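Structure record follows, encoded as structure tokens.
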Amino acid sequence: MVTKVLCVAEKPSIARAVANHLSGGQINSRNVQGNQYVKNYEFHCNLAAWGACSVTMTSVLGHLLSHDFEDRYRKWNSCEPSALFEARIETYVEDDKKAVAGNIERQARYAQYLYIWTDCDREGEHIGTEIRQVATHGNQALRQPGKTVRARFSNVERAHILNAASNPVALDEAQANAVMSRIELDLRIGATFTRNLTLSIQPMLQGRFGAEERQVISYGSCQFPTLGFVVERYLRVRNFVPETFWTIKVMHEKHGIKVNFRWARDHLFDRVAVIVLFERCLTARVARVTGVQTKPASKWKPLPLTTVELQKCGSRFLRMDSHRVMQVAEGLYQKGWISYPRTETDQFDRGMDLRALVQKQTQGGAWAQFAQALVNGGFSQPRQGRNNDKAHPPIHPVNFVLPTQLSAEEQRVHEFVVRRFLACCSQDARGSKTEISILYGPETFHTGGLAVLERNYLDVYPYDRWTSSQELPEFREGETFEPTEAMMRDGQTSPPGYLTEPELIALMDVNGIGTDATMAEHIKKIKDRQYVETRPRGRRQREDDDDGEQSDGEMPDEAAAAAGRGRGRARGRGARGGANARGGATAGVQEFIPTTLGVALVEGYENMGFETSLTKPFLRKEMELKMKAICESRKTKADVIHETIEQYRDVYVRTQLRLDALRAAVRKYVFGENG
DNA sequence: GCAAGGTC
């Protein structure tokens, strides 16, 4: 007797890949009426748990079920917004998912087992329970213990899939519950605050922002902190007070080469102190070389590509905002040129045949020769990053395509993905770094030089810069000289720049705001809501320190601070402030400036004086911790929902009492009134 | 007319 098994993946691409591996080639592929993406794959195979099986492998398209308040609460004026804290929520299949759900329900009727193949992350676990819910609607027997199982897999390599197929496990109910509480809380809190904000502020704004009569002023646990980052930086720029500092510059000319030495103290804000130190230098007259060190230096090849990194690089190098980059990457994925573009993983699985993927890129394109050189022995295993979402590999090219077959934007994204991948499979760049220290009077000064000896990955990855500095004349330890020039100079600290998109993404990333798939959407949302505007960053005159350091300033101070690493002072209050010093690379980058409405919202809430700020990332972090607690069975879904709702109910009540502060902020910023 | 998360 053949056992009938229904397998359901999270997306069509996984269903197809898994079906191919399990079937051994004999597959019957059927369309699902009413949906152009989902297909049913029918085949026979042996599964360890059940023996000879007749399998139907299909998929959903992400979440299958939707949630909304019951009908009588859906009209905005149907109730006081805070009634949504406890209004009944209905679960239903959205119209555009009816065909997918119907397919699963029908297929389930004939199945003895339901085998879930969703991604092995929290959302995937929850989607698994949605599939089970729909399937058991068609076939009650699948509710029995052991009849519904799931596969544990983290990539679609053949051996890995075959192994996963033989070792089914149970769905992780705790993870699914964690997601369920996230869904409920975001809905209740988002809808309550959004209605309240809109209904109480919108009348003040009529006709003020564009043509829209009814502009929604939304609150969400992700969009508000995102706005908060933009406003915080804006205020730092606006409130910046330049400070004068003093420094000592030493230059020595030797063998016709002018060498500038940097003061070890960099600069001080006390003029008299610098005068005293400078005079001691002059009194000493000669400087003595205290250290000469030449050592190998290398610039590491980049890590395998994650979504966050793709988005940051898109803003920096491809002149596309994060949302556009994802749209283009999605197209490339669907046409089969690149792998799944939503991933947090920066480690390639050891089992992956990367050489074969490199080989494909030898067929053409500007990088063909480089790829050939890797095939001919230059190949080096990619570095391993620290992230693995256990669901998808890093983004990489999966097939060769001639650039001429792609649109201009597709070419840029595709080229970046290919070059990044080839760079990962190359050797680090090698060089030699020389550091020279001198003691001049009581003060230490440094200079250094870099010689790039082997470019290696840099040849295929023009997005990184690492160039040799001018050659240094020879200095010997103990040697003394009278500096050609020694001067005391003053300067002024300069404000940080407005937040750029790569910086914003980095902030969201370290603070856990949004996911790889949604960060770009949150950014787009605060633009659409007219909380922020973007403009191309002007070419500000800055002293770029192109000394070949690894740092590219991608972690803004706010990120470090919020992430609990005290890096705020590390860079000092130097002449470069918070600049993103990376040569011309940032020329096309967009910077974010809040609108008057954006500032008003943040200021308004800040001025209410709550200890838990809605505009700071901590609440979202707290939610993340609570979800983790559910996953580890330290809390129940009911506990978390209850305590979180009470917390927000409190904020809501106090918001009502202080609505005047919010309205005052709107008047102040949007209408330029005082008070 | 609300959120954030999947996916197309």
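Everything numeric here is computed off the predicted structure, so don't read it as measured data. Below, chains carry the letters A, B, ... as their sequence lines are ordered, and counting in each starts from 1.
- Mapped onto DNA chain B by nearest heavy atom, A:V216 and A:E330 fall at different nucleotides, with A:V216 at the one closer to the 5' end.
- The pair A:R74-A:E90 meets the salt-bridge criterion, since a charged nitrogen lies less than 4.0 angstrom from a carboxylate oxygen.
- Here A:T198 lies in heavy-atom contact (under 4.0 Å) with a base.
- Using a 4.0 Å cut-off between charged nitrogen and carboxylate oxygen, A:D639 and A:K626 do not count as a salt-bridge pair.
- Here A:P12 lies in heavy-atom contact (under 4.0 Å) with sugar-phosphate atoms only.
- The existence of a salt bridge linking A:D95 and A:K98 is confirmed by a sub-4.0 Å separation between a basic side-chain nitrogen and an acidic carboxylate oxygen.
- Contact annotation for A:D119: backbone-only contact, meaning every heavy-atom pair under 4.0 Å involves sugar-phosphate atoms and none involves a base.
- Nucleic acid contact class of A:H522 (heavy atoms, under 4.0 Å, all strands): sugar-phosphate only.
- Note on A:R649 versus A:E646: salt bridge recorded, some NZ/NE/NH1/NH2 to OD/OE distance being below 4.0 Å.
- No donor-acceptor distance shorter than 3.5 angstrom exists from the side chain of A:T56 to the backbone of A:L6, with no hydrogens or angles considered.
- Within the nucleic acid shown, A:K97 comes within 4.0 Å of at least one base atom, counting heavy atoms only.
- Along DNA chain B, the nucleotide nearest A:G514 and the nucleotide nearest A:R195 are compared for position; the residue whose nucleotide lies closer to the 5' end is A:R195.
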TODO: Take A:K527 and A:F592 through the test side-chain contact (heavy atoms from CB on, under 4.5 Å) and record every step on the way to the result.
DONE: CA-CA 9 Å; A:K527 283 194 223 173; A:F592 285 70; 4.0 Å; yes

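- Here A:Y73 lies out of heavy-atom contact (under 4.0 Å) with every strand.
- On the nucleic acid side, DNA chain B contacts chain A at distances under 4.0 Å to non-hydrogen atoms, with the end points of that region at B:dG1 to B:dC8.
- At the heavy-atom level, A:R122 lies nowhere under 4.0 Å from the strands shown.
- Backbone-only engagement by A:Q334 is indicated by non-hydrogen atom pairs under 4.0 Å involving sugar-phosphate atoms exclusively.
- Counting any heavy atom pair closer than 4.0 Å across all strands shown, A:F224 reaches no nucleic acid atom.
- A:I183 comes within contact range of at least one nucleobase, with a heavy-atom separation under 4.0 Å.
- In this structure, the ring of A:F193 has its center no less than 6.0 angstrom from the ring center of A:F224.
- Residue contacts for A:Y219: at a heavy-atom cut-off of 4.0 Å it reaches the sugar-phosphate backbone alone, with no base atom in range.
- In this structure, A:R188 reaches neither bases nor backbone, as no heavy-atom distance under 4.0 Å exists between it and the strands shown.
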